[in-house]
Structure formats: C-alpha cells, structure tokens
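I have placed the structure first, in the form of structure tokens, so that the comments after it can refer back to it.
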Protein chains: 2
Amino acid sequence: MKATLLLETALKHFAEEGYEGASLSKIAEEVGIKKPSIYAHYKSKDDLFMSALHYSMESQKTQMASYFNLSRHQPLDKVLSGYFHWFAKETDENVQMKFIIRTAYFPPLKLEKEVGQLFDPFLDDMHRHLTRLLRERERHQKVLYEDDYSKAALAFLTIAEGTMTELVYSGQEQYEKRFEAIWPIFWRGLAL
Amino acid sequence: MKATLLLETALKHFAEEGYEGASLSKIAEEVGIKKPSIYAHYKSKDDLFMSALHYSMESQKTQMASYFNLSRHQPLDKVLSGYFHWFAKETDENVQMKFIIRTAYFPPLKLEKEVGQLFDPFLDDMHRHLTRLLRERERHQKVLYEDDYSKAALAFLTIAEGTMTELVYSGQEQYEKRFEAIWPIFWRGLAL
DNA sequence: TATTTCCTAACGACCGTTAGGAAGGTGAAA
DNA sequence: TTTCACCTTCCTAACGGTCGTTAGGAAATA
C-alpha cells in the first residue's frame with residue numbers, strides 16, 4: 001500500500017523538518033514516486049499534513065489505551081512509572097511522538113485552528129484515562145488531592161510531558177537520567 | 001539603531017514561524033526596509049538566525065543570573081517556585097524565550113551542530129546555577145539526593161520544562177493550573 | 001573622501017500545484 | 001470471453017510565485 005508508505009514517510013519529514021521545512025519533492029523521492037503523484041492520494045500539502053497528524057494521534061491513542069489495559073493489575077506506582085517506559089520504547093522510533101509534540105507546540109500558523117481542534121480531545125483523553133485510574137485505585141493506594149483526582153492526573157501529565165520532551169530532544173540516555181531524578185521525588189510527593 | 005531593530009524583529013519572526021517559515025521579505029517589511037538591505041547587516045539568513053539566537057541567549061542568561069541574585073535571601077521553596085513564575089513570565093511575554101525553546105527542541109537541520117554548540121553551555125549554566133543553589137542551602141533546608149545535588153537540580157528542570165511547555169502550548173491559565181497541581185507534590189517529595 | 005546603509009533590478013533555485021495523458025486494473029455489458 | 005468504459009495511480013511538462021542572494025549604484029554618514 002503506497003498510500004500508507006507515503007503517509008509514514010511524510011510524517012517522518014514533518015517531524016524532523018516541520019511543516020514549512022518538509023518538501024513534497026523529497027518525500028516523494030523517498031517513497032519512490034514523483035512529486036505530482038502525491039496529488040493522486042492527497043489534495044494538498046495541508047491535506048497530507050493533517051492526515052499524517054490524524055494518523056499519528058489515532059495510533060498513539062490506541063497504544064495508550066492498550067497500555068492501560070495491559071497494566072491494569074499492577075500496583076499504581078508501577079502503572080505510572082511504566083507508562084513512561086512504554087512510550088519511550090513503543091513509540092515507533094519516537095517519530096510519531098516527535099511529530100505530535102512538535103505540532104502541538106509549534107503548529108504551522110495557517111493550520112493552527114484545525115490542529116487545535118484535533119489536539120484538545122486527545123489531551124482530554126489522556127487526562128480522563130489517568131483520572132479514572134487514580135479513582136479506581138483509591139482503596140489500595142491513597143494519593144494527594146484525594147478530593148480531586150483530576151488534579152493529581154494533571155501533575156502526572158506535567159512530568160510525563162517534561163520527560164517525553166526530553167526524550168524527543170536529547171535521546172534515550174538523557175531521558176533515563178531525568179526519569180531517575182524525577183520519579184522518586186514525584187512518587188514520594190504523591191503517595192499518602 | 002536599525003541593526004538592533006532588525007535583530008529583534010527577526011527573532012520574533014523566527015520564534016513564531018520557525019527558521020524555514022520566517023521570510024526575509026516580511027522581516028524587512030516590518031522593519032521598514034527592503035529585503036536586500038538586510039545584507040548590509042548580516043551576510044546570510046543563517047547569519048541573521050544565529051545572531052538572533054546568540055543575542056537572545058545572552059539576554060536570557062543575564063536575566064537568569066539576576067533572578068538568582070535578587071532572590072538569594074528567600075527560603076529555598078520560594079526561590080524555586082519563584083523561578084517557575086519567572087520562567088513563565090519570560091516565555092509568555094518575551095519572544096526571546098519562545099525562540100530559544102523552539103530552537104533548542106527543533107533546530108533547523110542545517111544549523112543543528114552550530115545551535116547545539118551554543119546550547120550546551122547554556123543548559124549547563126542553568127543546571128549549575130540550580131546545583132549551586134541547592135548546595136548553598138543545605139544547612140537550612142535538606143533535600144533528597146543530598147549526596148548529588150545535580151540530580152535534584154535535574155528533577156527540578158524537568159518539571160520546569162514540563163510546565164513551561166504547557167505554557168507555550170496552551171497559555172497562562174492552563175499553566176497556572178498545572179503549577180498548582182505539581183508544585184505541592186514536588187516540594188513534598190523533595191524536602192526532607 | 002571613505003564607509004556604511006539603503007535602493008532597484010534581477011538571478012537561479014525551489015516551492016506547491018495543475019494540466020493532460022499513459023498504464024493498469026476492475027467490473028459490467030455484449 | 002471479449003469489449004468497453006471507468007477508476008486509480010503514476011508520469012512529464014510546466015505554471016506562477018516566493019525564496020535567499022548578488023550586482024551595481026545612490027544616498028547618507030563620518
């Protein structure tokens with residue numbers, strides 16, 4: 001399926017060079033077709049970009065749901081800390097996550113609105129998963145903000161994003177160091 | 001001084017549209033000169049970009065040093081939490097910080113090396129400031145990782161980046177909520 | 001007078017995009 | 001079973017536009 005290959009190649013280029021930096025010629029070249037052939041599959045660069053974004057986010061959403069499902073019998077601290085490692089390992093060489101993060105933080109100005117409309121439900125989804133997780137565990141593991149689990153979920157998301165970003169930015173090794181530095185503090189501060 | 005105005009205008013455009021997205025024509029237009037006149041001051045777009053980056057980082061380094069100096073009589077938790085707000089203020093109001101962050105995470109590929117050489121000392125500087133701060137306060141405020149303050153500093157930087165990232169992405173209001181969620185956990189986990 | 005700063009004009013390169021058509025497969029009608 | 005129309009997918013050629021950059025000269029400044 002050339003269409004999927006095209007999408008995945010495009011998303012790699014968008015992740016590494018940004019919307020403006022990525023060139024349709026180079027993408028086509030890597031796929032092994034000519035530039036105008038792209039238009040047989042997508043009606044514009046914007047269309048290709050938004051399709052790649054949609055594709056990445058769906059894929060990440062699926063992975064996230066599957067992680068929470070797999071780890072549902074683990075103790076809370078394992079679920080939470082494992083969540084980091086899961087993403088670090090499972091994220092297809094981190095290209096998808098890199099693309100998502102780059103686009104979330106620095107969207108192409110002309111697509112800012114559309115991008116936002118895709119992202120808001122995505123973040124809500126993550127937040128909701130975490131909030132529900134914390135509530136489900138309240139009988140076995142008390143945490144800070146017992147009256148407002150969404151607040152604890154937000155705190156977790158913050159350090160997740162901090163370390164994720166580091167993963168994208170300076171690679172696995174620095175990421176491991178950060179994780180080891182932050183996790184004991186976080187868990188010690190969260191658990192009651 | 002047209003040269004400085006040119007630099008500041010350029011850095012604003014680079015911050016908002018990225019290296020590839022920013023156009024010399026638009027920058028010149030905003031400054032009130034014609035595009036080729038830029039070349040009387042900078043010998044290429046790369047030169048302009050790197051000059052703007054250098055300028056921003058020097059400026060931010062000065063401000064950071066001055067923050068640590070001003071707050072040196074505050075208790076540790078005030079210094080640290082105040083650092084967040086300072087950082088937030090810089091990122092939100094000052095395009096310089098946005099430019100720095102964007103360039104650090106997603107540099108133009110062709111300038112990746114040069115950019116890295118500028119950034120490594122910059123990050124070391126931040127890390128060193130924090131490490132020294134923690135060591136200076138050890139008699140008044142014990143913290144986790146007493147034997148390795150640089151680790152505690154790293155943890156702090158992670159949270160700072162996580163919240164700041166949120167600031168770039170969804171603005172002051174969301175940022176405040178994140179700060180309120182994460183700070184009590186962090187301080188409770190860090191302080192002995 | 002010498003240098004800096006700006007201009008107009010124009011360069012070649014690349015951009016995203018469209019036109020128009022060839023090749024190949026699919027499926028229904030003859 | 002053959003034929004024909006219809007897609008889809010790819011191509012070459014070329015479009016108008018913008019990009020960063022240079023040449024060469026005028027104006028301002030020192």
Side-chain angles (χ1 to χ4, degrees), chain A residues 1-56 99 102-103 106-115 118, chain B residues 1-56 99 102-103 106-115 118:
Chain A
M1 190 76 92
K2 272 275 166 66
T4 309
L5 178 61
L6 178 54
L7 204 64
E8 281 169 355
T9 306
L11 107 75
K12 195 177 81 186
H13 282 245
F14 286 135
E16 274 155 18
E17 322 200 39
Y19 175 84
E20 293 90 356
S23 118
L24 295 186
S25 324
K26 285 186 195 162
I27 293 171
E29 191 185 357
E30 193 173 320
V31 172
I33 59 176
K34 300 295 174 185
K35 180 171 58 160
S37 305
I38 293 177
Y39 288 79
H41 303 272
Y42 302 94
K43 70 185 225 299
S44 65
K45 190 183 188 183
D46 291 8
D47 184 25
L48 178 57
F49 182 85
M50 292 306 295
S51 298
L53 184 58
H54 191 264
Y55 174 79
S56 300
F99 178 47
R102 175 170 205 154
T103 307
F106 308 110
L109 291 188
K110 55 183 283 203
L111 297 177
E112 206 170 16
K113 238 183 140 179
E114 292 179 58
V115 166
L118 262 183
Chain B
M1 191 77 94
K2 271 277 166 66
T4 309
L5 178 61
L6 177 54
L7 203 66
E8 282 169 353
T9 306
L11 103 77
K12 193 178 83 186
H13 282 244
F14 285 135
E16 274 155 17
E17 322 201 40
Y19 174 85
E20 293 89 356
S23 122
L24 295 186
S25 323
K26 284 185 195 161
I27 293 171
E29 191 185 357
E30 193 173 321
V31 172
I33 60 177
K34 299 295 173 183
K35 179 172 58 161
S37 306
I38 293 177
Y39 289 78
H41 303 271
Y42 302 94
K43 70 186 225 298
S44 65
K45 190 185 188 180
D46 291 7
D47 184 25
L48 177 58
F49 182 85
M50 291 306 294
S51 298
L53 184 58
H54 192 265
Y55 174 79
S56 301
F99 177 46
R102 177 171 204 153
T103 308
F106 309 110
L109 290 188
K110 55 183 284 203
L111 297 176
E112 205 169 17
K113 239 184 140 179
E114 293 179 57
V115 166
L118 261 183

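Everything numeric in this text was worked out from a predicted model, so none of it was measured. So you know, we letter chains A, B, ... as the sequences are listed, proteins then strands, and number each from 1. Just so you know, these numbers use all the heavy atoms, side chains as well, and skip hydrogens, waters and symmetry mates.
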### Summary
Result for side chain to side chain contact (heavy atoms under 4.5 Å, CB included) between A:Tyr19 and one of A:Leu111, A:Val115, A:Thr103 points to A:Leu111

### Task
Give the first and the last nucleotide of DNA chain C, reading 5' to 3', that has any atom under 4.0 Å from a heavy atom of chain A.
C:dC15 to C:dT18

Protein-nucleotide distance ([X], atom [atom1]; [N], atom [atom2]), rounded to Å:
X       : N      : atom1 : atom2 : result
A:Leu24 : D:dC19 : CG    : P     : 17 Å
B:Lys34 : D:dT21 : NZ    : P     : 19 Å
A:Lys43 : D:dT8  : NZ    : P     : 16 Å
B:His13 : D:dG20 : NE2   : C1'   : 16 Å
A:Tyr39 : D:dC15 : OH    : P     : 17 Å
B:Ile38 : D:dC19 : CD1   : P     : 11 Å
B:Ile27 : D:dC19 : CD1   : P     : 10 Å

### Summary
Rounding to 0.5 Å, atoms CG (B:Leu7) and OG (B:Ser56) come to a distance of 7.0 Å

### Message
With rounding to the nearest 0.5 angstrom, report the NZ to CD distance, B:Lys26 to B:Glu17.
### Response
5.0 Å

### Query
Just wondering, more than 12 heavy atoms not from B:Glu29 lying within 6.0 Å of its CD?
no

### Message
Between B:Phe14 and B:Arg102, does the side chain to side chain contact (heavy atoms under 4.5 Å, CB included) criterion hold? Intermediate values first, please.
### Response
CA-CA 9 Å; B:Phe14 285 135; B:Arg102 177 171 204 153; over 6 Å; no

## Note on the structure
Heavy-atom nearest nucleotide on DNA chain D taken for A:Ala40 and for A:Pro36; more 5' hit belongs to A:Ala40

### Query
Are B:Phe99 and B:Phe49 near enough that their ring centres are under 6.0 Å apart?
yes

#### Entry: Validation row: A:Glu114, A:Leu53 side chains within 4.5 angstrom (heavy atoms)
no

### Task
Answer with base, sugar-phosphate or nothing: what part of the nucleic acid does A:Ala28 contact at a heavy-atom distance below 4.0 Å?
nothing

### Message
Check this one for me: any side-chain N or O of B:Ser23 less than 4.0 Å away from OP1 or OP2 of D:dC19?
### Response
yes

## Note on the structure
Heavy-atom nearest nucleotide on DNA chain C taken for B:His41 and for A:Glu20; more 5' hit belongs to B:His41

